[in-house]
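Below: one structure, written as structure tokens.
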Number of protein chains: 2
Amino acid sequence: MRQETVENYLKTIYNLSSNNSAVVVNQQLANKLSISPASVTEGLRKLHELKYVVYEKSYGTRLTTAGAKLALSIVRRHRIWETYLAKELGFGWDEVHEIAEELEHIKNDKLINKLSTILGNPMFDPHGDPIPDAKGKIKKSNFIKLSEAKTKSNYKLMGVTDHSVAFLKFLEKHQLIIGANIEVKGIEEFDNTIVLICNKKEVTISSKAAECMIVETV
Amino acid sequence: MRQETVENYLKTIYNLSSNNSAVVVNQQLANKLSISPASVTEGLRKLHELKYVVYEKSYGTRLTTAGAKLALSIVRRHRIWETYLAKELGFGWDEVHEIAEELEHIKNDKLINKLSTILGNPMFDPHGDPIPDAKGKIKKSNFIKLSEAKTKSNYKLMGVTDHSVAFLKFLEKHQLIIGANIEVKGIEEFDNTIVLICNKKEVTISSKAAECMIVETV
DNA sequence: ATTATCTTTTAGGTATACCAAAATTAATAA
DNA sequence: TTATTAATTTTGGTATACCTAAAAGATAAT
Ligand SMILES: [Mn+2]
Ligand SMILES: [Mn+2]
Ligand SMILES: [Mn+2]
Ligand SMILES: [Mn+2]
């Protein structure tokens, strides 16, 4: 199996299993990897052979220790590059993901550690995702989704779970950047639309968007 | 044909044809690409289809205008990355080539131009090779090989045509870095070994090594 | 001009990474 | 529990990028 293929599978399995439970089902993978379910079955069989995953037929897949280790190193590369692109090279948080998708496959520990050092070993990437350290250790935080927030409470935007250009540009337009203070003014009972105040301006957030915004209670 | 494959062929054809004449023969390509002559034939047929090269059966291959344009852009990426790795990220000139072999395939003009700007739009990479500008224009220089140098003359080291770690470490050991002043003390008639003085120390250079050293007459 | 040698091409074949359609298995609803 | 639906796997197939060995073509030496 080509190294880049292995890496894209493992990274995707990692991302899917850290959100939801531990076991990933084929359909999710087919979606994220933009390949057919039939191809996913084949891929997982090979990754099982390589001992990167435990793949149980018609049930689901989870990473082995070796698989998780490799996955974490790719996630580290991806997030370090995103941070470097944003902080050192002047790219917007809506531009970095696409470039990092390619850069993440360049395997050179010295390079990544050098970038990390230059950045001051950051804990979070431009989207608020935690960056694993050189040993693969990740900082756990207990933030909530904005969709779980309460009326009349204050929050700080800590991350986003959708990296699409459209969403990130929308947020930026309303000054909803990482670290921004948010006051939840009201929640529409009918459709869970949230009206909040950010930088003294009122912004209406759909429930779909609120699902993708990670906040910390202030 | 995969983009990375196309790029590696074109870059290699470019490098071979800029050294020697304009036409590249299959064997050279097979060598540089580390694949069989049979595979080269197949590859060239496809590149001809794609109109990146003019491939004449059993004769040789040269780049079309489109092929040269793409080749130049890959050479630019490669050399900009090498320079960035060396100047901004602290890598040695013996380390940068290998990493740049991977980085050169990341296609993002904004990224390369940003790196170039940070570096002050350099004209030469860490090995003295000219860096094409954003339009593909390259600075021509008329340096000679050290193997063509004359006794009792003074030169300045301007580049190397071999990027192997062993050779670059050897040069560095004797302070033979880009820009170093060289005085040719003598040339052994028997085997063309060159004895030169660099930083007041005598160094003996084999004819093979001298072939790989590019110098300017001072 | 003919042979010997070296280079290139063709023929036939492998491995990877995909796919669509059919068959199977699991989950859900009646 | 039995249909119905949905997810997964199997089957058979494509395209890319390589390979080795044999055939054909070009070059050089006698
Ligand atoms: Mn990302
Ligand atoms: Mn990727
Ligand atoms: Mn190089
Ligand atoms: Mn390359």
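Within every chain, numbering begins at 1; the chains are lettered A, B, ... in the order of the sequence lines, protein sequences first and strands thereafter. This one's a predicted model, so the numbers in the text were calculated from it and none came from an experiment.
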Between C/dC19, C/dT8, C/dA17, spot the one nearest the side chain of A/Glu42, thanks.
C/dC19
In whole angstrom, give the distance that lies between atom CD of B/Gln3 and atom P of D/dT16.
14 Å
Nearest heavy atom decides the nucleotide; on that basis, is B/Tyr55 or A/Ser34 closer to the 5' end of DNA chain C?
B/Tyr55
Presence of B/Arg45 side-chain N/O under 4.0 Å of C/dT10 phosphate oxygens OP1/OP2:
yes
C/dC18 phosphate, OP1 or OP2: any side-chain N/O from A/Ser39 under 4.0 angstrom?
no
Can you measure A/Leu50 atom CG to C/dA15 atom C1' for me and round it to whole angstrom units?
14 Å
N or O in side chain of A/Lys57 less than 4.0 angstrom from D/dT10 OP1/OP2
yes
Salt bridge between B/Arg77 and B/Glu7, side-chain N to carboxylate O under 4.0 Å?
yes
Aromatic ring pairing A/Phe167/A/Phe170, orientation class (parallel under 30°, perpendicular over 60°, tilted between)
parallel
Which of D/dC18, C/dT25, C/dT9 is nearest the side chain of B/Ile35? It is D/dC18
Please determine whether a side-chain nitrogen of the Lys or Arg among A/Arg79 and A/Glu104 lies less than 4.0 Å from a carboxylate oxygen of the Asp or Glu.
no
Students often mix this up, so state it plainly: with edges at 30° and 60°, are the rings of B/His127 and B/His163 parallel, tilted or perpendicular?
parallel
Can you measure A/Met1 atom CE to C/dA15 atom P for me and round it to whole angstrom units?
16 Å
Calculate the interatomic distance between A/Asn26 atom CG and C/dA27 atom C1'; express it in whole Å.
15 Å
Rounded to the nearest Å, what distance is computed from the CG atom of residue A/Leu44 to the P atom of nucleotide D/dA7?
16 Å
A/Ala38 or A/Val6: which one's nearest nucleotide on DNA chain C is closer to the 5' end?
A/Val6
Nearest-angstrom distance from the residue atom CG of B/Asn8 to P of D/dT16
17 Å
Which nucleotide wins on minimum distance to the side chain of B/Pro37, given the candidates C/dC18, C/dT9, D/dT16?
C/dT9
Whole-Å gap separating P (D/dA17) and CG (B/Leu47):
9 Å
Rounded off to whole Å, could you give me the NE2-to-C1' distance for the A/His48 and D/dT8 pair?
17 Å
May I ask you to say what B/Val25 touches in the nucleic acid, namely base, sugar-phosphate or nothing, with a heavy-atom cut-off under 4.0 Å?
sugar-phosphate
Is the phosphate of D/dA17 approached by B/Thr5 (side-chain N or O, under 4.0 Å from OP1 or OP2)?
yes
So which nucleotide from C/dA20, C/dT8, D/dT9 ends up closest to the side chain of B/Thr41?
C/dT8
With sequence neighbours excluded, residues passing ring-ring contact (aromatic ring centres under 6.0 Å, His included) with A/His48
none
From the options D/dC18, D/dA17, C/dT9, select the nucleotide whose nearest atom is closest to the side chain of B/Lys46.
D/dA17
